[in-house]
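Numbers for residues simply follow the sequence, beginning at 1. Hydrogens, waters and symmetry mates are skipped; everything else that's a heavy atom, side chains included, is used. Since we're looking at a predicted model, the values are computed, not measured.
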Amino acid sequence: MRGLLACAMFAAMTSAAMTSAATAQVSDDAVRIGVLTDLSSWGRDNSGPGSVEAAKMAVEEFGPTVLGKPIEIISADHQMKTDVGVQIARGWFDNGKVDAVVDIPNSGIAIAIHNMVRERNKIALLSGPGASSLTDELCSPNTVHFTYDTYALSKVTASAVIKEGGKSWYFITADYAFGQQLEKDATRFINEMGGKVLGGVKHPTNTADFSSFALQAQSSKSDVVAFANAGQDTDNAIKQSGEFGLVQGGQKLVGLLMFDTDVHAIGLKAAQGTYMTTASYWNMDEATRAWSKKFYERTKVMPTMIQTGVYGSVLHYLKGIKAAGTDDPAKVMAKMRELPIEDVFVHGGKLREDGRVIRDMYLAKVKTPEQSKEPWDYLEIVKTVKGEDAFRPVSESKCPLLKK
């Protein structure tokens with residue numbers, strides 16, 4: 001009996017020691033996630049406070065702890081300014097004991113922090129930025145590009161519009177990394193499909209008056225006027241183009257990056273018939289409707305794909321920590337690549353070595369006022385495009401991580 005008791009005590013002590021060792025693998029006794037977003041500028045409605053709430057909803061779904069340690073969500077406003085964003089991230093990493101930074105709308109800011117994350121051995125979970133270079137020539141083993149990128153947006157949307165007869169294009173482009181990359185990617189697919197770019201104009205972000213740009217687009221006589229911008233810039237550009245009669249004159253308006261919130265701001269009357277590509281939509285099925293209604297109760301708007309991407313990326317990160325038994329970035333990233341991505345909005349997703357999440361994308365068309373049956377019933381899902389067909393294939397990639 002003494003021998004059996006001793007064995008039992010030894011087993012219990014060993015189990016306790018193993019459990020203690022596992023929980024001790026969480027640095028600083030907590031997992032801290034920083035939501036770096038736009039709380040005050042032109043991207044606020046598409047990310048902003050909604051991204052913060054989405055991150056909190058992911059933690060609530062996962063549970064308040066991981067490996068026995070608390071999960072903390074903090075947030076800050078980068079104001080769409082690179083220097084501000086970099087300063088916040090540096091403070092978080094160096095003094096705030098933040099393990100992962102989330103969202104980062106604005107590709108210029110995201111690229112700067114994506115480089116910092118690699119240097120400091122942290123993790124970036126990007127939902128807000130779109131520049132496809134983040135997982136191409138700039139790829140990093142520490143970054144997850146979770147939601148969308150300029151390659152997928154351009155390919156899916158341009159292909160559909162050209163098939164409908166939109167052969168000649170004119171661009172109204174935001175003059176920063178995201179807008180430039182979006183125009184570049186779209187131009188490639190337009191040319192490959194036999195279309196032609198007649199010209200374009202670039203504008204500073206947070207522009208209020210688009211009248212001169214709309215008139216230049218109108219005078220181009222292009223079949224399509226494409227807006228390679230985001231947030232309030234897209235809203236203002238499409239509204240003012242409508243006021244100048246571009247649609248009545250026979251031109252198609254295409255939002256290369258649009259969200260439900262943009263349609264809400266523009267209104268169905270002005271936005272109807274516009275093609276857009278999205279990674280998620282609140283009204284897809286019972287599960288998306290249930291999650292989105294909870295989100296609406298907290299924010300009073302339906303979620304954009306950026307916000308659902310914040311939710312999904314945080315949830316997958318926490319699953320990665322649990323599976324790895326540690327918050328060590330290399331081990332967590334390895335588990336995140338190994339585990340399938342499953343949440344309310346993503347099924348069978350996969351994190352590729354270059355950081356690109358391969359997930360289905362959806363071609364959507366804005367409904368007419370008559371077609372809309374309830375508040376926020378704005379989109380008709382025209383086509384589901386498999387992730388392998390939407391995102392950059394490995395054969396085209398410049399990422400050295402895919403060459404191993």
Handout entry: Residues which pass side-chain hydrogen bond (donor to acceptor under 3.5 Å, both in side chains) with Arg352, listed by chain and number, not counting sequence neighbours
Key = Asp354
Practice task
For side-chain contact (heavy atoms from CB on, under 4.5 Å), just list the numbers for Asn283 and Glu374, CA-CA rounded to whole Å, side-chain angles, deciding distance to a tenth of an Å, and then say yes or no.
Solution key: CA-CA 11 Å; Asn283 203 15; Glu374 61 179 313; 4.1 Å; yes
Handout entry: Between Glu61 and Tyr311: side-chain donor-acceptor atoms closer than 3.5 Å
Key = yes
Problem - Residue pair Gln371 / Gln272, side-chain heavy-atom distance below 4.5 Å - result: no
Practice task
Please check if the side chain of Arg392 supplies one atom and the backbone of Asp136 the other of a donor-acceptor pair under 3.5 Å.
Solution key: no
Exercise for the section: Please answer whether the main-chain N or O of Arg32 pairs with a side-chain N or O of Asp99 as donor and acceptor at a distance below 3.5 Å. Expected result: yes
Problem - Inter-residue atom distance Ser372.OG - Glu380.CD, 0.5 Å rounding - result: 12.0 Å
Exercise for the section: Establish, from distance only, whether the side-chain atoms of Asp185 and Gln181 form a donor-acceptor pair under 3.5 Å. Expected result: yes
Exercise for the section: Search all heavy atoms of Ile306 against all heavy atoms of Ser51 and return the closest pair with its distance. Expected result: CG2-OG, 3.9 Å
Fill in the blank from the handout: Only one of Leu126, Val102, Leu315 passes side-chain contact (heavy atoms from CB on, under 4.5 Å) with Val310, and that residue is Val102
Exercise for the section: Indicate whether the side chain of Thr277 and that of Thr157 have a donor and an acceptor atom separated by less than 3.5 Å. Expected result: yes
Handout entry: SB check Arg298 Glu53 (cutoff 4.0 Å)
Key = yes
Exercise for the section: Evaluate the side-chain contact (heavy atoms from CB on, under 4.5 Å) criterion for residues Phe227 and Leu257: first the C-alpha distance (whole Å), next the side-chain angles of each, then the deciding distance (0.1 Å), finally the verdict. Expected result: CA-CA 8 Å; Phe227 301 95; Leu257 176 61; over 6 Å; no
Problem - Close side-chain approach of Val86 and Ile109, heavy atoms under 4.5 Å - result: no
Exercise for the section: Begin with the C-alpha distance, continue with both residues' side-chain angles, and end with the deciding distance and a verdict on side-chain hydrogen bond (donor to acceptor under 3.5 Å, both in side chains) for Asn46 and Thr304. Expected result: CA-CA 6 Å; Asn46 301 329; Thr304 66; 5.6 Å; no
Problem - No-hydrogen, no-angle side-chain donor-acceptor test under 3.5 Å, Ser140 and His114 - result: no
Practice task
Hey, could you give me the CG/NE2 distance between Asp175 and His203, rounded to the nearest 0.5 Å?
Solution key: 8.5 Å
Handout entry: Test: Glu338 and Lys335 ion pair at under 4.0 Å
Key = yes
Handout entry: Non-hydrogen atoms of Phe178 and Asn229 that approach each other most closely
Key = CE2-O, 3.9 Å
Problem - Asn206 backbone acceptor or donor facing Asp233 side chain under 3.5 Å - result: yes
Handout entry: Interatomic distance, Ser397 atom OG to Arg356 atom CZ [nearest 0.5 angstrom]
Key = 12.0 Å
Exercise for the section: Test Arg188 against Glu192 for salt bridge (charged side-chain N to carboxylate O under 4.0 Å, His left out), laying out the working first. Expected result: CA-CA 6 Å; Arg188 172 201 161 170; Glu192 285 183 358; 2.8 Å; yes
Exercise for the section: Any chance you could lay out the side-chain hydrogen bond (donor to acceptor under 3.5 Å, both in side chains) test for Glu183 and Thr173, step after step, and finish with the verdict? Expected result: CA-CA 7 Å; Glu183 180 180 335; Thr173 300; 2.6 Å; yes
Practice task
Report, as yes or no, whether the 6.0 Å neighbourhood of atom CD on Gln87 holds more than 12 heavy atoms from other residues, nucleotides or ligands.
Solution key: no
Practice task
Kindly say whether Ala131 contributes a backbone atom to a donor-acceptor pair with the side chain of Ser107 at under 3.5 angstrom?
Solution key: yes
Exercise for the section: For atom NZ of Lys350, decide whether the heavy atoms of other residues, nucleotides or ligands shown that lie under 6.0 angstrom number more than 12. Expected result: yes
Handout entry: Donor-acceptor under 3.5 Å (Ser127 side chain, Thr147 main chain)
Key = no
Problem - Within 6.0 angstrom of Lys167 NZ, more than 12 heavy atoms from elsewhere - result: yes
Practice task
Of all the heavy-atom pairs spanning Ser211 and Asp209, show the shortest one and how long it is.
Solution key: OG-OD1, 2.7 Å
Practice task
Determine yes or no for a side-chain-to-main-chain donor-acceptor pair under 3.5 angstrom, with Ser132 supplying the side chain and Thr150 the backbone.
Solution key: no
Practice task
Using the test ring-ring contact (aromatic ring centres under 6.0 Å, His included), find all partners of Phe391 that sit at least two apart in sequence or belong to another chain.
Solution key: none
Handout entry: Exercise: do Thr37 and Asp103 side chains pair donor with acceptor under 3.5 Å
Key = yes
Exercise for the section: Could you tell me whether the side chains of Gln251 and Tyr170 share a donor-acceptor contact shorter than 3.5 Å? Expected result: no
Handout entry: Beyond-backbone contact of Val254 with Val225, side-chain heavy atoms, under 4.5 angstrom
Key = no
Practice task
Rounded to the nearest 0.5 Å, what's the gap from CE on Met305 to CG on Asp260? Could you check?
Solution key: 9.0 Å
Problem - Asp223 and Ser168 side chains, donor-acceptor separation under 3.5 Å - result: yes
Problem - Polar side-chain atom of Asp28 near backbone of Lys97 as donor-acceptor pair, under 3.5 Å - result: no
Handout entry: Asp389 backbone acceptor or donor facing Lys155 side chain under 3.5 Å
Key = yes
Exercise for the section: Taking all heavy atoms of Met302 and all of Thr261, pick out the closest pair and write down the distance. Expected result: O-CG2, 4.4 Å
Problem - Ser75: partners by side-chain hydrogen bond (donor to acceptor under 3.5 Å, both in side chains), with sequence neighbours left out - result: none
Practice task
Taking the side chain as every heavy atom from C-beta outward, state whether Ile172 and Phe210 have any atom pair closer than 4.5 Å.
Solution key: yes
Exercise for the section: Using a strict cut-off of less than 4.0 Å between a Lys/Arg side-chain nitrogen and an Asp/Glu carboxylate oxygen, indicate whether Arg44 and Asp38 qualify as a salt bridge. Expected result: no
Practice task
Check Ala55 against Ile73 and note the closest heavy-atom contact, atom names and distance.
Solution key: CB-CD1, 4.1 Å
Problem - Atom of Thr278, atom of Ser280 and distance for their closest heavy-atom approach - result: OG1-O, 2.6 Å
Problem - Within-4.5 Å side-chain heavy-atom neighbours: Thr65 and Ile71 - result: no
Problem - Pair Leu138-Ile111, side-chain contact (heavy atoms from CB on, under 4.5 Å): steps then yes or no - result: CA-CA 8 Å; Leu138 301 179; Ile111 289 169; 4.0 Å; yes
Problem - Within 6.0 Å of NZ in Lys367, more than 12 heavy atoms from elsewhere - result: yes
Practice task
Give a yes or no answer on whether the side chain of Asn142 reaches the backbone of Arg118 with a donor-acceptor pair at less than 3.5 Å.
Solution key: no
Practice task
Please determine if Lys239 and Glu243 form a salt bridge, counting it only when a charged side-chain N lies under 4.0 Å from a carboxylate O.
Solution key: no
Handout entry: Stepwise side-chain contact (heavy atoms from CB on, under 4.5 Å) check, Met333 with Val144
Key = CA-CA 9 Å; Met333 287 293 296; Val144 177; 3.8 Å; yes
Exercise for the section: Look at the side chain of Tyr281 and the backbone N and O of Leu379, then say whether any donor-acceptor pair between them is shorter than 3.5 Å. Expected result: yes
Completion exercise
Interatomic distance, CG@Asp45 vs CG@Asp235, rounded to 0.5 Å, equals 7.5 Å
Handout entry: Aromatic centroids of Phe345 and Trp291 separated by under 6.0 Å
Key = yes
Handout entry: Value rounded to 0.5 Å, distance of CD1 in Ile33 from CG in Leu125
Key = 7.5 Å
